[in-house]
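Starting from 1, each residue takes its place in the sequence as its number. Bear in mind the structure is a predicted one, so any value in this text is a computation, not a measurement.
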Amino acid sequence: MSVQKKLRRFFAAFCIFLMMIPVLESFMQSSAVTVQAATQSGKINGDLVNVRVGAGTNNDYLRNPSGNKIQLNTNQEVTILGSANASDGSLWYQVSFYYGGASYTGYVHSEFVNLINNVEYVSDADFESYLNAQGFPESYKDALRNLHAQYPKWTFVADHLNYDWNTAVENESLVGRSLVHSSSISSWKSSEPSAYDFSTGRWYGFDGASWVAASKELVAYCMDPRNFLDSSSIFQFEKLAYDGNVHTLTGVESVVASTFMANNTISNDADGTMTYAQAILNAASVTGVSPYHLASRIIQEIGTSGGSQSISGAVSGYEGLYNYYNQGAYAHDGRTAIINGLIYARDNGWTSRYKAIVGGAEYIGKNYINVGQNTLYYEKFDFVGTPYTHQYMTNILAPSSEAANVAKGYTEEMRKNLNLVFVIPVFNNMPEAACAKPAGDGSPNNILNSLTVEGYNLTPTYSKYVYEYDVIVGKDVAAINVGAAALDNSAKVEGTGQISLAEGNNTITIKVTAANGDVRNYILNVYRGDVPVLPPSGNTGTENSQTPSNGNGSGNTETTSYTITTNYKLDETKKYITGIEPGSMAVDVLNAIKTSEGEAYILNADGTINAGTVATGNQLLCVDKNGKEVRRYIIVIYGDVDGNGSIDILDTLYVKRHVMLIDVLSGAYLEAADADRMNDGVSVLDLLYIKRHVVGISKITQ
């Protein structure tokens, strides 16, 4: 074949190839092509992020075995297995992750995944000295070293809060104070009786049906700063004051990209328009609040699509009103959250979009940023003034999800060149390792429907939400039969059947494990032994060889010059002597009592001389030099209700029986049962005081 023919054929083939390019491009765009990459870690940067079985929204949701779609939340760790382009050209990551205790693989849009860039930390003596000077615990340091390796200009400030960690978590876990979306896995939701209806298996709604109380375990995870020391979540600790050298229009535009605010304009309330980004930047310069924070707050409250009625301006009866930050928007007084939010907007004159953006920013600055709640973390977790009460948001995940939005405002170049300041809390008595994120799913129901001891009554009478009971059996009872049934058939019950008893007190634990792994313990305190009958208080006894003579038998004839000197308390009206510590010996008590003449004796309740341990119901008998009785007091040791000289579990049984009107106490024993010293009768509060003394939590004051 001649060279010319070859050239003509090549040219013809090349032309055909050029003609096929549009077809090939169309084919490539209509079919997602996976590009494998080296395995890398990442974290989800949004809430309720859907996972698909393939790249693109035209693919079905990834679902769990129950058929429910899987949705991931901020800071969920994922392993990136590869990437793919959807038919619209958008980038999706193929990820693997754990959800509800099981492993899954699916596809997530790249916008909702932050890649974790692991830069090797080279030992930096100055930075190490700085970490030590700041007082960061060791458990904080590795993450901060990694961040320093990536962004050496960043400054990390340790904010040492004078709050006990466990106390802070308990307070933030109060039902209604911290919320999570109702679609979350069960271990993220509280199973307190006021948060969860064990009878129906439903959670109670707070601030609308879609939000329920967060579990204590999730609160602990979200409160623990060590869980959020990565290049995205760290922004929940960024100081939120406006800085014109840091916050730029370009940065605001990055935050609002892919939302309803991108490239959209609003009236500037004068003679023109401005973009949302410009309005937010203006609001920042007026109020002193970071524009990145304002933009992320709007996204958090209104959503990326902007479809909320809070900013429609068209709600009947509230036309022309706008509330971009949902301030005052919570359901109450029979009105919806939207209506209450618009009433708030009306009262503040937010009659235009621009006024609502600036006015809401002024509220945030005045009430939060400028009074010390100057990070996303502190806007949720309040430690200023009266702690825990002044919270901008109840969504427990809001600080981390908003941090992901704020992070978008900083390009990689900005991150490397700006000296950003992060204020990171440190609590007293924190656990050594960061609190784990709860992962269990399934029913949280670990309540007993019934609890019985064959042949005996429980004290108090059984109730589902009372977790401790007492039973008294005779000394001859060597074993009891314990029965229990769970309210939910999926729960597992352990600790029932025939239980052997030792003499004295026995503690039996009935363990109930819910389907999601949550454990609840019911306690049976079983006392085996002979329960003595208390003698009448004030018994003067009978004369015998061990009882001091009362002289001429005239009884309490008092010598007017007779005196008693002691640090114990003498009640001349009731004739009680108090202030004696439990376990005191008679000889020591008598050594602490001085009389002007004669002798003093400690008598048992039966009138015999007590040379051992002093107890409630004993008596202090004082006689003159002739052996004639001059004074007599009944001894009361608060908490020693059974009169054995000590405070123990048997005392709690006597108080319980009194409160339930089974065996009513009287005299000195009734006085001893008033453990809280309020002189208001004997109640369950006195029972609590005695229990706390028995287990060593606090001591009853004598």
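For the atom pair Asp142 CG and Leu229 CG, the distance stands at 10.5 Å (nearest 0.5 Å). Distance check: Ile234 CD1 to Leu144 CG gives 6.5 Å after rounding to the nearest 0.5 Å. From Ser290, atom OG reaches atom CG of Asn374 across 11.5 Å, with rounding to the nearest 0.5 Å. For the atom pair CD1 (Ile396) and CG (Asn73), the distance works out to 12.0 Å, reported to the nearest 0.5 Å. Remark: Gln40 CD to Leu81 CG distance equals 11.5 Å, nearest 0.5 Å. Taking CD1 of Ile299 as the start and OG1 of Thr259 as the end, the distance is 5.0 Å to the nearest 0.5 Å.
Without hydrogens or angle criteria, Asp333 side chain to Arg335 main chain gives no donor-acceptor distance under 3.5 Å. With hydrogens and angles ignored, the 3.5 Å screen pairs a side-chain donor or acceptor of Tyr325 with a backbone N or O of Ile357. Panel note: side chain Asn227, backbone Cys435; a donor-acceptor pair is recorded below 3.5 Å. With Asp441 contributing its side chain and Ile185 its backbone, the two residues share no donor-acceptor pair below 3.5 Å. Remark: side-chain polar atoms of Arg52 are not paired, donor with acceptor, to backbone N or O of Val108 under 3.5 angstrom.
The heavy-atom pair separating Pro425 from Tyr377 by the smallest distance is CG-CE2, 3.5 Å. Nearest approach of Asn445 to Ala491, heavy atoms of both residues: O-CB, 3.5 Å. For the pair Ala55 and Asn58, the tightest heavy-atom approach, listed with the atom from each and the gap, is O-OD1, 3.9 Å. The two atoms that bring Gln300 and Ser401 nearest to each other are OE1-OG, 3.0 Å, heavy atoms only. Listed here is the closest heavy atom pair of Ser258 and Glu111: CB-OE2, 3.6 Å.
No hydrogens or angles considered: a donor-acceptor pair under 3.5 Å links the side chains of Asn326 and Ser310. For the residue pair Asn405 and Ser296, no side-chain donor N or O sits within less than 3.5 Å of a side-chain acceptor on the partner. Residues Tyr324 and Tyr276 have side chains that bring a donor and an acceptor to within less than 3.5 angstrom of each other. For the residue pair Asn68/Ser66, the side-chain donor-acceptor check at 3.5 Å is not satisfied. Side-chain N/O atoms of Asn516 and Ser186 include a donor and acceptor closer than 3.5 Å. Inspection of the Glu412 and Tyr151 side chains reveals an N or O donor paired with an N or O acceptor under 3.5 Å. Side-chain N/O atoms of Asp518 and Asn446 include no donor and acceptor closer than 3.5 Å. A donor and an acceptor atom, one from each side chain of Gln71 and Asn50, are located under 3.5 Å apart. Inspection of the Lys380 and Thr394 side chains reveals no N or O donor paired with an N or O acceptor under 3.5 Å. Side chain to side chain, Trp350 and Ser352 fail the donor-acceptor criterion of an N or O pair below 3.5 Å.
Contact check for Phe235 versus Tyr410: side-chain heavy atoms found under the 4.5 Å cut-off. A 4.5 Å side-chain heavy-atom check between Glu402 and His293 finds at least one atom pair inside the cut-off. By the 4.5 Å heavy-atom criterion applied to side chains, His148 and Gln150 are not counted as neighbours. Counting only heavy atoms from C-beta outward, the side chains of Tyr99 and Phe97 approach each other to under 4.5 Å. Taking 4.5 Å as the limit, some side-chain heavy atom of Val406 sits within range of a side-chain heavy atom of Glu238. In this structure, the side chains of Thr273 and Asn268 stay at 4.5 Å or more apart for every pair of heavy atoms. At least one side-chain heavy atom of Ser183 sits under 4.5 Å from a side-chain heavy atom of Leu48. Under the 4.5 Å side-chain criterion, counting only non-hydrogen atoms from C-beta, Thr79 is not in contact with Val95.
In terms of the side-chain contact (heavy atoms from CB on, under 4.5 Å) criterion, residue partners of Lys43 (sequence neighbours excluded) are, by chain and number, Asn75, Glu77, Ile116, Asp230. With sequence neighbours left out, the side chain to side chain donor-acceptor pair (under 3.5 Å) criterion links Ser231 to no other residue.
Residue pairs satisfying the side chain to side chain donor-acceptor pair (under 3.5 Å) criterion with at least one member in residues 192-206, sequence neighbours excluded, are listed as follows: Asp197-Thr200.
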(request) Go through Leu321 and Val315 one step at a time and tell me if the side chain to side chain contact (heavy atoms under 4.5 Å, CB included) criterion holds. (result) CA-CA 8 Å; Leu321 295 171; Val315 175; over 6 Å; no

Item to check | side chain to side chain contact (heavy atoms under 4.5 Å, CB included) assessment of Val358 paired with Asn282 | outcome: CA-CA 8 Å; Val358 176; Asn282 288 358; 5.6 Å; no

(request) Just do the side chain to side chain contact (heavy atoms under 4.5 Å, CB included) check on Tyr242 and Ser285 with the steps written out, would you? (result) CA-CA 7 Å; Tyr242 171 62; Ser285 64; 4.0 Å; yes

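Ring geometry for His390 against Tyr368 counts as parallel: the plane angle stays under 30°, on a 0 to 90° scale with 60° as the upper cut.
Between Arg297 and Glu379 there is a salt bridge, since a side-chain N of the basic residue sits under 4.0 Å from a carboxylate O of the acidic one.
Counting heavy atoms of neighbouring residues, nucleotides and ligands inside a 6.0 Å radius, atom CG of Asn263 does not exceed 12 of them. Counted within 6.0 Å of OH on Tyr330, heavy atoms from surrounding residues, nucleotides or ligands total 12 or fewer; the atom is thus considered open. Within 6.0 Å of the NZ atom in Lys416, the count of heavy atoms belonging to other residues, nucleotides or ligands exceeds 12.
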